Structure formats: structure tokens, C-alpha cells
Amino acid sequence: MPISLRACKTRIETIMEFYKCFITLFILQAIFFHPSIHAAPKNSNLFREYIGAEFNNVRFTDVPINSNVEFHFILSFGIDYTTSSSPSPTNGKFNIFWDSDNLSPSQVSSIKSDHSNVKVALSLGGDSVGNGYAYFNPSSVDSWVSNAVSSLTDIIQEYNLDGIDIDYEHFSADPDTFAKCIGQLITTLKKNGVISFASIAPFDDDQVQSHYMALWRSYGHLIDYVNFQFYAYDQGTTVSQFMKYFEEQSSNYEGGKVLASFISDGSGGLSPDNGFFTACNRLKSQQQLYGIFIWSADDSKAEGFRYEKQSQALLAIPH
């Protein structure tokens, strides 16, 4: 049966309206839901400090806390090794290797109760255990992740912790295995509501960078901060060298919040006496001071924490 001219015109108009609606929805989706559209990181008032690795009786309450910064203590370290006199790998079953006598669950609760701006995290790995290196040494991805999720959930809940930091520095596994294990660990702990943030702590070493950059490529969207160890560069680093290093690492961990850092004993990198705070002010003027972290409260204790005070005072100044 032949279609009338009016009916044909009506069909064409209906099709046109459908395509208009489709195009409008497509444009709206592109504007509001495109995954690559992110706000660029800006200056932050985040201050972080590692604590407890050197067993010199430092306590949370020893460290000055400025109420105008976001403050993270990072317990150092939880390691998946036995606590025997000759430690051996445990495939993701973590034990406490920090000064837990002075940094106990009750002391975590107390410092968080006294200071609403304080959070406490746990760093995993570190350089050494006993008299040897602490290796990332999983038997398999699935078994390591399962053990790590279970043992860390217990520790994090016992100590009322808020996040984790990844600081493995020696590896018995390839970068892809490291990325899968750590990525799945962070994914699961966040999904389960066990942690609210995660950070990584790489430094400028080929093997270290290959592992952490593999992790970043696959799971960077789940990593909140990059605690880059700028103090692992040579002692006597200048301000201009530091700025160059910062630019390089910001490129390696593109889109990440790379924090400025120094070591309290002055043994490496750009020290506060040689211009660290000058570099921080330059970063701040460029909207790139995402925070400062220090290794470590243990070393700073003998100095009266003067650089902790100075770091927080700089961060507390409105952006």
C-alpha cells in the first residue's frame, strides 16, 4: 500500500527528532563523564612524617602539630617477614617492625582524638629487616594478595589506621607482578573501606622506578600521593637541581601529587639549610606544592623538630 506524502513527512520528522536527542545526549556525556577530564592538582597543606623505624623512643606527642595543616604520621614499617632473629619472607603475612611500645594502638587513638587534623598510616617494606634487605618476594599474586589483605586488615583495624604507604625498595619479583600484587591490595582495602588513602615511596633507581612506574601505569588512579624520596639524590643537591628532579618525577608519575621531601639528618638531597624551603616556595608559586614529607621524626627528635615547624608553617599559609 503506498504511503501518503503526509505520513512520509511525519516519519522523517520523527527520525530527525530522534537524532537530535541522540546528539544532545552524546554531547552531554562528553562534557560531564569523559574519564580524561580531571582538575589539575593544586597546592595543598599536607604534611607527612615517617616515625618509629629507629627505636629511639620518639612518640607522636613529641612532634609539633600545626592545626592548620593536614597531618599524616606514617608508621615504619610493616614487613611481610618473620619476627625471628633471622627474619624470612612470609608471602604477604605482615608483622609489625616499628617501635610499638611507644607507638601503640592507644597512642594512635589518643593523638587522633587530640588533633582532628591528624591521620595515621602504615608503610610497607622499607629498606631492611634484621641484618639484610627487605625483599618483595611473593609466592604468587593471588596468595600474596590474600595474605596481605587479611594480615593488614587486622593491623589497620587494631591500630585504627587510615591509610598505607608502599615503600618496598628491593625486589625478587618482576615489575608486572609487583604492580598486580600492590594494585590489587590497594583496590581491595579501599573497596572494603579499610583505608581511605594510599601512597607510594619510590626513588631514583632503575630497578625501583621500573617497579613503581609499572604500578603507576596500571593503578595510578588509586594512588593518592607520591612520596618521592628526593633525599636519595646526592647530598648537596642545589635548588635548581631539585626543581629539575621534581619536574622529571612529575612527568614519570604524570597526574600524581608528587610531594617535596627531605631527610632530617641532612645526609642526602636538598637540605633545609641549603634551600629546600626556597624550592618549596617556587613550587607553591607554580601551584605544584602538593605537600611535604620528612624522613624521619626519629632523626628530627635530636634537633627539636625545628624543620617540622618550618615546613608546617609554610604549608599553613593560604595558597
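The structure displayed is predicted, hence computed values, not measured ones.
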Asks: Just by distance, do the side chain of Asn56 and the backbone of Asp298 share a donor-acceptor pair under 3.5 Å?
Replies: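 A pair under 3.5 Å: yes.
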Asks: Within the distance-only criterion (no hydrogens, no angle test), does the side chain of Glu303 pair as donor or acceptor with the backbone N or O of Ser300 below 3.5 angstrom?
Replies: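 A pair under 3.5 Å: no.
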Asks: What's the spacing between Ile51 CD1 and Leu103 CG if we round to 0.5 Å?
Replies: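 Result: 5.0 Å between the selected atoms.
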Asks: Using 30° and 60° as the class limits, which term best fits the ring planes of His221 and Tyr219: parallel, tilted or perpendicular?
Replies: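 Plane angle under 30°, so parallel.
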Asks: Using only atom types and a distance under 3.5 Å, with no angle test, would you say the side chain of Lys180 pairs donor to acceptor with the backbone of Asp142?
Replies: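 Not confirmed, Lys180 side chain does not pair with Asp142 backbone.
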Asks: Answer yes or no: is there a donor N or O on one side and an acceptor on the other, between the side chain of Tyr212 and the main chain of Tyr168, under 3.5 Å?
Replies: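 Here the side-chain-to-backbone pair exists.
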Asks: Return the orientation label for the Phe197 and His72 ring planes: parallel under 30°, perpendicular over 60°, tilted otherwise.
Replies: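 Phe197 vs His72 ring planes: parallel.
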Asks: Taking the six-membered ring where the residue is Trp, are the ring centres of Tyr290 and Tyr225 under 6.0 Å apart?
Replies: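 No, ring centres 6.0 Å or more apart.
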Asks: Taking the six-membered ring where the residue is Trp, are the ring centres of Tyr159 and Trp98 under 6.0 Å apart?
Replies: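 Yes, the ring centres sit under 6.0 Å apart.
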Asks: Under 30°, 30 to 60°, or over 60°: which ring-plane class applies to His170 and Tyr133, parallel, tilted or perpendicular?
Replies: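 Geometry flag for Tyr133 against His170: parallel rings.
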Asks: Is there a side-chain hydrogen bond (donor to acceptor under 3.5 Å, both in side chains) between Arg48 and Ser199 once you walk through the steps?
Replies: CA-CA 11 Å; Arg48 318 186 87 204; Ser199 58; 3.0 Å; yes
Asks: Please verify the inter-ring angle class for Trp295 with Tyr50; under 30° counts as parallel, over 60° as perpendicular, anything in between as tilted.
Replies: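 Tilted.
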Asks: For the ring pair Phe178 and Phe171, is the centre-to-centre distance below 6.0 Å?
Replies: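 Yes - the distance between ring centres of Phe178 and Phe171 falls below the 6.0 Å cut-off.
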Asks: Can you say whether the rings of Phe230 and Phe242 are parallel (under 30°), tilted (30 to 60°) or perpendicular (over 60°)?
Replies: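 Tilted.
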Asks: Just by modelled atom types, is the Ala198 backbone N or O under 3.5 Å from a matching donor or acceptor in the Asp224 side chain?
Replies: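 Answer holds: yes.
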Asks: Using a 6.0 Å cut-off, check whether atom CG of Asp206 has over 12 heavy atoms from anything other than its own residue.
Replies: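 No - once you tally the heavy atoms of other residues, nucleotides and ligands closer than 6.0 Å, there are 12 at most.
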Asks: Could you pull out the closest heavy-atom pair between Phe305 and Val58, with the gap in Å?
Replies: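 Between these two residues, the closest heavy atoms are CZ-CG2, 4.1 Å.
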